[in-house]
Amino acid sequence: MRHLPNTLTILRVVVTPLVFWAAWKGYLPREEIDSFDLSKFWWTNIAFTTFVAAAISDWWDGYLARRYGFSSRLGAFLDPLADKVLVLGTFVVLSWLYPSLTPWWCVALIAFRDVGVTLLRSWAEATGRHIQTSNAAKWKTAFQLTYLIAVLVFLWARTWTGWMADLADAALFSNPVPFLLLIAVVVVTLWTGWLYVPRSSTPDA
């Protein structure tokens, strides 16, 4: 049982490529929105459900580690790394498939923060210190996961037909709200990254 949290973390990394592949297979150009394609419907559904399952595992492994005292330095390092692989990878795929929805520069800023924090944590571990994931960073991850789940839900709804597909398409591509929420995600992500800088120079952070 004490290995279960780390096992869930590793499984989250293992299933992440399925999210990317399913999202790519379910790609639906705007000019094809009026034609129902069953394969795109199911591939987008797989991308959404797999991502949700991975997001739930993020909460579940943390809960088990805290509830039963299964915390370890390895788990504390692997868990945020697995989150970055899932979240950043999904952002990259969305930026590639739907650049108007997820501009590349937003993804680049998120990647810059994540790479920087990973390097800081690796450097701290190499020098015998430990940087624990902050509560602000955990809320940041929850915010990112919620945003991506919402986007994937609407992308799945676009593969339907009739008013549902039209409404989902308009909500994503003819509405400023998704972009404003993405900007909020980027700002929160950069801010939580900056919080790690002073902690990286503090012994036993």
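Since we're looking at a predicted model, the values are computed, not measured. The figures here come from the full heavy-atom set of this structure, side chains too, leaving out hydrogens, waters and symmetry mates.
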Given Trp96 and Tyr27, is the side-chain contact (heavy atoms from CB on, under 4.5 Å) satisfied, shown in steps? CA-CA 10 Å; Trp96 175 43; Tyr27 169 66; over 6 Å; no
Full working for side-chain contact (heavy atoms from CB on, under 4.5 Å) between Val15 and Val19: CA-CA 7 Å; Val15 303; Val19 177; 5.6 Å; no
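In the displayed structure, Tyr98 atom OH is contacted under 6.0 Å by more than 12 heavy atoms of other residues, nucleotides or ligands.
Leu155 places none of its side-chain heavy atoms less than 4.5 Å from the side chain of Leu97. Between Phe179 and Pro103 there is a side-chain heavy-atom pair separated by less than 4.5 Å. The shortest distance between side-chain heavy atoms of Asp37 and Leu28 does not fall below 4.5 Å. Within the 4.5 Å cutoff, the side chain of Leu88 has no heavy atoms near those of the Asp83 side chain. Under the 4.5 Å side-chain criterion, counting only non-hydrogen atoms from C-beta, Val151 is not in contact with Pro178. Contact of the Leu148 side chain with the Leu94 side chain is registered, since non-hydrogen atoms from C-beta on lie closer than 4.5 Å.
Hydrophobic clustering (ILVMFWY, side-chain heavy atoms < 4.5 Å, transitive): Ile183 and Leu145 are in one cluster.
Hydrophobic cluster membership for Ile10: Val14 (Ile, Leu, Val, Met, Phe, Trp, Tyr linked by side-chain heavy atoms under 4.5 Å, directly or transitively). Grouping Ile, Leu, Val, Met, Phe, Trp and Tyr residues whose side-chain heavy atoms lie under 4.5 Å apart, directly or via other members, places Trp156 in a hydrophobic cluster with Phe36, Leu38, Phe41, Trp42, Trp160, Trp163, Met164, Leu167.
Once rounded to the nearest 0.5 Å, the distance linking OG1 of Thr161 with CD1 of Ile33 reads 10.0 Å. Rounding to the nearest 0.5 Å places NZ of Lys140 at 10.5 Å from CG of Leu190. One finds the CZ atom of Arg12 at 10.0 Å from the CG atom of Leu81 (value rounded to the nearest 0.5 Å). Interatomic distance, CG of Leu18 versus CZ of Phe20, reported as 10.0 Å (0.5 Å rounding). Rounded to the nearest 0.5 Å, atoms CD1 (Ile110) and OG (Ser95) are 9.5 Å apart. Atom CG of Leu86 sits about 4.5 Å away from atom OG1 of Thr90, to the nearest 0.5 Å.
At a cut-off of 3.5 Å, with distance as the only test, no side-chain donor of Thr189 or Arg113 sits close to an acceptor on the other residue.
Listed by chain and residue number, Arg30, Arg158 satisfy the side-chain hydrogen bond (donor to acceptor under 3.5 Å, both in side chains) test with Asp169 (two or more places apart in sequence, or in another chain).
For an aromatic pair to be called close, the ring centres must be under 6.0 Å apart, and Trp24 with Trp21 satisfies this.
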